[in-house]
Each structure stands twice: as structure tokens, then as C-alpha cells.
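Just the heavy atoms: all of them, side chains too, but no hydrogens, waters or symmetry mates, feed the values below. Counting begins at 1 with the first residue of the sequence. Just so you know, ligand 1 is whichever comes first in the structure, and atom 1 is the first atom listed for that ligand.
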Amino acid sequence: MDFKALANKYNTPLYIYDLDYMSVQYEKLKSAFKAHSSIMAYAVKANSNLSVIKHFADLGSGADCVSIGEVRRAILAGVPPYKILFSGVGKKDDEIKEAIETDILYINVESEAELNRVEAIAKELNKRCRISIRVNPNIDPKTHPYISTGLHENKFGVEIATAKRMYIKSKNSDNLDPVGIHFHIGSQLTELKPIYEASEIVADMLRSLQAIDIELKFFDIGGGLGVQYDDETTITPYDYAQAILSTLKGLELTIICEPGRFLTANAGYFLTKVLYEKKNGEKRFVIVDGAMNDLLRPSLYNAYHKIEAVSKNDGEKSKADVVGPVCESGDFIAKDCFLPSLEHNDLVVVHSAGAYGFGMGSNYNTRARSAEVALKNGDDRLIRKRESFDDLIALEKEFLD
Ligand code: LLP
């Protein structure tokens, strides 16, 4: 990849996404489920750029959304409403209303109180709303605690017994149509066992619902498939699919999968420019123009991202922290990585930045967010302009007296 040319053309900091790589990942996962009817519903939160969503829509993907804003993005990008899901623990009334009016595939309901709201809103609209219930199987996914979601101590979903009550209520309601069952135990999963165990618990529950005449159509397995950031061993899509399908013996439901990171993480690069080097005692710092407001994962989760100096890989390397200009000690992109001596305007590329990168960015320190560029068939194309100072103050300016 010609990072130098991209930096010259679009400036830095810059997000770069290889759409061809995303297609390869999509096909890998989709084909792993080919023995079964399935819908891949791309988890928009991983990378919500409209052109990225459109790329997946063109491949046949649906969209898993967690706000009405994401639903609107998905629709704008060409995802048909019948492939859109709406998940999340705290949906507001107007979001539920719009989701029902948009006639999306279903709403993933996460509490009894929410089910009551969905029913009441559907009634007001004189409609039936398709729902799925998110079950919390109380399984430890063995991932970072901030991205673990399948334990009772996490805020997500409901216990089996509660879910059962909710299905019975929905079945007896004139305004609810229970069509699916959902679980998602966490993100960046690298062990198969917890996924298998969760799937087995949920499949057993399905059987017990069948026994009381509640027939569902969709088995929504969430997302979570991990990727390699460093040298971790990951689960293959084939093993993942086999583990889940093996729990569904005799059940003919459509699988809904909500992959985010697997499709996008390793398709993305964050390109940043060296401003200065300095030493505080023995400690070496490389100060770059990208920061925690652009890529929050290292600061928030202590996440590892591979770092490389562009076209400077033969010089002697020494240990350094790569840090941004934000006024926080927690503002770092990498710690204790080995880099050659760098000069003003040298480029540093951060790998695996396609998922939860730009989307978790902010304007902290009144820093404009980066531009985003897509690569496809050897061409590069701007898919989000770099923000300007005017963009940053647009919603405040009129109140200045
Ligand atoms: N479905 C549901 C219900 C989810 O909560 C998530 C992610 C996904 C699907 C997609 O998961 P994936 O396939 O991407 O693992 N910001 C964190 C990750 C948060 C994940 C939140 N939920 C990070 O940077 O690692």
C-alpha cells in the first residue's frame, strides 16, 4: 500500500479502508454458514461510514443497528429494511416508533419494561411489531471486561426465565410478533467454547418454546468473532459456524449473524505523521499528529495495535511510546513499541484500525476528526472529508452574544 502517496493526497491523520479485504472477510463468514439459511447483518457500530455500509449492502448484507441514527445510515446506504435489526438496552420511544414505521426485520428487545413500551407504541400506531428477545446466557466469553456482555453482571439481555415470560406475553399480544431469539456474549472472542455453550443454552430454550407452540424464525447469534491484532489465535469462520449449527440440530431457523470487527478491523489503517521525537530521561516518545480522539482503543482498553514506520524499517530500532498531542497522559497510540529514529513528517501506520476506530473518535481538545479514504480495485476515494474548524463550531456559533 502506498501510504506516502495517500498522505500526500489526503493529508494526515487519515483512516484508510481496504474494501476488497472487507469483501473477502464477508464471503468467508457467509460461506461458512452456507449449509443453512443465513443473513449477515453487519454491525454498523464497528465502522459506520456510509460508503462502508453501502459496500456491505452491495454484497447482500443486512445491518445490525443500535440507534435510530444507525438505522437511518443503513437505509441511506441501501440496506433494505427487511434486513435491518435494531438492538441495544436503551431505545427511546421515538426510536422505537420510527423503527416500527420503517418496517425493519425486528427489534431486539432487552427487558420486560422495553417490551411493554414496544407493545404500547405498536398499539398507538395500530401495527404489529416483529421482535426478538436478547437472552443473557450467563456465559463468560473470556474477553476484555469492557466488551464482555453475556454475564448476568452485564447490563445486556434478560435471563432465560424472564425471556420465557416475555415470549408468552408477545405471543398473546395483538401488537407483537415474536420472530427471533438473540444472544451476543461479547466482542473479540477468541475461544470457541463459550460461544458453543451459549448457543446450546439458547437452542435449548428454543426447543422449550416450541413445546409451548411458540415457533420462531430467526436464531440471532450476535457478533463477536475475534481477529488477530498481534499473535493471538483466532477462531476460523468454519469452526464458528459448525459450533453454532451443531447446537441447532433439527431446528430449521434462519441464522442471523452480526459481525462487525471480523469484517472491518484488519481492513483498516490509521495513518499519522511524526511531529517530534523527545526523551524524558531514558524514556523515548514519538509525538504524532493522531491522538486518542482519533483512535481511542489503546487509551480505553489498553488495546494493542501494530505500529510501523513507513519505509523506514531498516534503521536500528529502539523502544518508544507513540503519543498524540491531546493533553492527557492516557493519550497514547502505542506503548513500548520498537521504531527506528524518526523525523518531522515521517509517517507511522497503525494497523487493524478499521473497527471501532473512527467511530469512537471525538472532537476532544477541539481537534477535527480525520478524513476517511476507501481503496477498491486499486483506486482510492475520499469517503469522508476532514472536518474543519467551522464544522466543529457550527452548532455553537449562533449562541455567541
Ligand atoms: N451485536 C451486538 C449486539 C453487539 O453489541 C456488538 C458489539 C456486535 C454485534 C458486533 O461485535 P463484533 O463482531 O464487532 O465483535 N469498542 C469495542 C467493541 C465494542 C463492541 C460492542 N458490541 C472495541 O473497540 O473493542
Side-chain angles (χ1 to χ4, degrees), residues 22 25-26 28-29 32 39-48 52-53 56 61-67 70 74 84-91 105-110 132-137 141-151 154-158 180-191 194-195 198 202 218-230 232 234-235 237 240 244 255-268 270 292 294-305 333 350 352-362:
M22 291 186 188
Q25 293 296 94
Y26 179 87
K28 270 190 205 159
L29 198 53
I39 298 175
M40 296 295 125
Y42 168 56
V44 169
K45 64 171 88 62
N47 185 325
S48 49
V52 170
I53 306 172
F56 288 120
S61 182
D64 168 48
C65 302
V66 290
S67 68
E70 287 193 354
I84 296 180
L85 326 173
F86 186 15
S87 315
V89 289
K91 303 176 198 78
L105 182 58
Y106 55 75
I107 293 181
N108 266 324
V109 176
E110 301 222 16
S132 158
I133 292 169
R134 178 165 179 177
V135 175
N136 183 326
K142 309 255 168 31
T143 186
H144 190 290
Y146 282 14
I147 51 177
S148 157
T149 51
L151 283 168
N154 303 126
K155 67 181 174 180
F156 298 97
V158 294
I181 191 158
H182 176 227
F183 67 98
H184 169 87
I185 58 171
S187 195
Q188 183 55 11
L189 307 178
T190 52
E191 285 187 34
I195 301 174
V202 180
F218 302 104
F219 191 71
D220 182 341
I221 61 174
L225 197 53
V227 300
Q228 222 176 20
Y229 284 93
D230 193 3
E232 54 276 75
T234 53
I235 305 164
Y240 175 63
I244 286 160
I255 302 277
I256 306 273
C257 185
E258 304 169 353
R261 189 188 319 263
F262 181 79
L263 302 183
T264 55
N266 283 328
F270 179 61
M292 67 187 288
D294 300 296
L295 181 66
L296 184 62
R297 302 192 73 255
S299 304
L300 188 60
Y301 312 116
N302 218 2
Y304 170 83
H305 284 260
I333 305 276
V350 183
S352 312
Y356 308 107
F358 183 92
M360 289 175 71
S362 74

Ligand-side contact atoms (ligand 1) for residue partner Met360, heavy atom cut-off under 4.0 Å: 16 (N), 24 (O)
Exercise: identify the closest heavy-atom pair between Ile84 and Ala74: CD1-CB, 3.8 Å
Can you list the ligand 1 atoms lying under 4.0 Å from a non-hydrogen atom of Asp64? 1 (N), 2 (C), 9 (C)
Are His305 and Phe270 side-chain neighbours, meaning at least one heavy-atom pair lies under 4.5 Å? no
Any idea which part of Val66 is under 4.0 Å from ligand 1, heavy-atom wise: side chain, backbone, both or neither? neither
Shortest non-hydrogen pair, Cys257 vs Leu29, comes out as SG-CD2, 4.1 Å
Do you know which two heavy atoms are closest between Phe262 and Gly226, and how far apart they sit? CD1-O, 4.2 Å
Closer than 4.0 Å to some heavy atom of Ser187 - which atoms of ligand 1 meet that? 11 (O), 12 (P), 14 (O), 15 (O), 20 (C)
Could you check whether any side-chain N or O of Glu258 sits under 3.5 Å from a backbone N or O of Ala41, counting only pairs where one atom can act as donor and the other as acceptor? no
Taking non-hydrogen atoms only, is Arg297 closer than 4.0 angstrom to ligand 1 via side chain, backbone, both or neither? side chain
Just which atoms of ligand 1 are under 4.0 Å from any heavy atom in Gly260? 12 (P), 13 (O), 14 (O)
Can you name the atoms of ligand 1, numbered from 1 with element, that are less than 4.0 Å from a heavy atom of Arg134? 3 (C)
Say whether Gly224 and ligand 1 are in contact under the criterion: heavy-atom distance to a ligand atom below 4.0 Å. yes
Looking only at heavy atoms, what is the nearest atom pair of Ser187 and Arg261, with distance? OG-NH2, 2.7 Å
Can you find a non-hydrogen atom of Pro259 under 4.0 Å from ligand 1? yes
Pair Arg134-Ser87, side-chain donor/acceptor within less than 3.5 Å: no
Just jot down the ligand 1 atoms closer than 4.0 angstrom to any heavy atom of Arg261, in number order. 12 (P), 13 (O), 14 (O), 18 (C), 23 (C), 25 (O)
I want to confirm something. Looking only at heavy atoms, which of Tyr301, Tyr356, Tyr42, Phe183 is nearest to atom 14 (O) of ligand 1? Tyr356
Atoms of ligand 1 less than 4.0 Å from Gly223 heavy atoms? 1 (N), 9 (C), 13 (O)
If you compare all heavy atoms of Leu263 against all heavy atoms of Met22, which two are closest, and at what distance to 0.1 Å? O-CG, 3.3 Å
Mark up the atoms of ligand 1 that fall under 4.0 Å of a heavy atom belonging to Glu258, in ascending order. 1 (N), 2 (C), 3 (C), 8 (C), 9 (C), 10 (C), 13 (O)
Considering all heavy atoms of both residues, which atom of Thr264 and which atom of Ala46 are nearest to each other, and what is their separation? OG1-CB, 3.9 Å
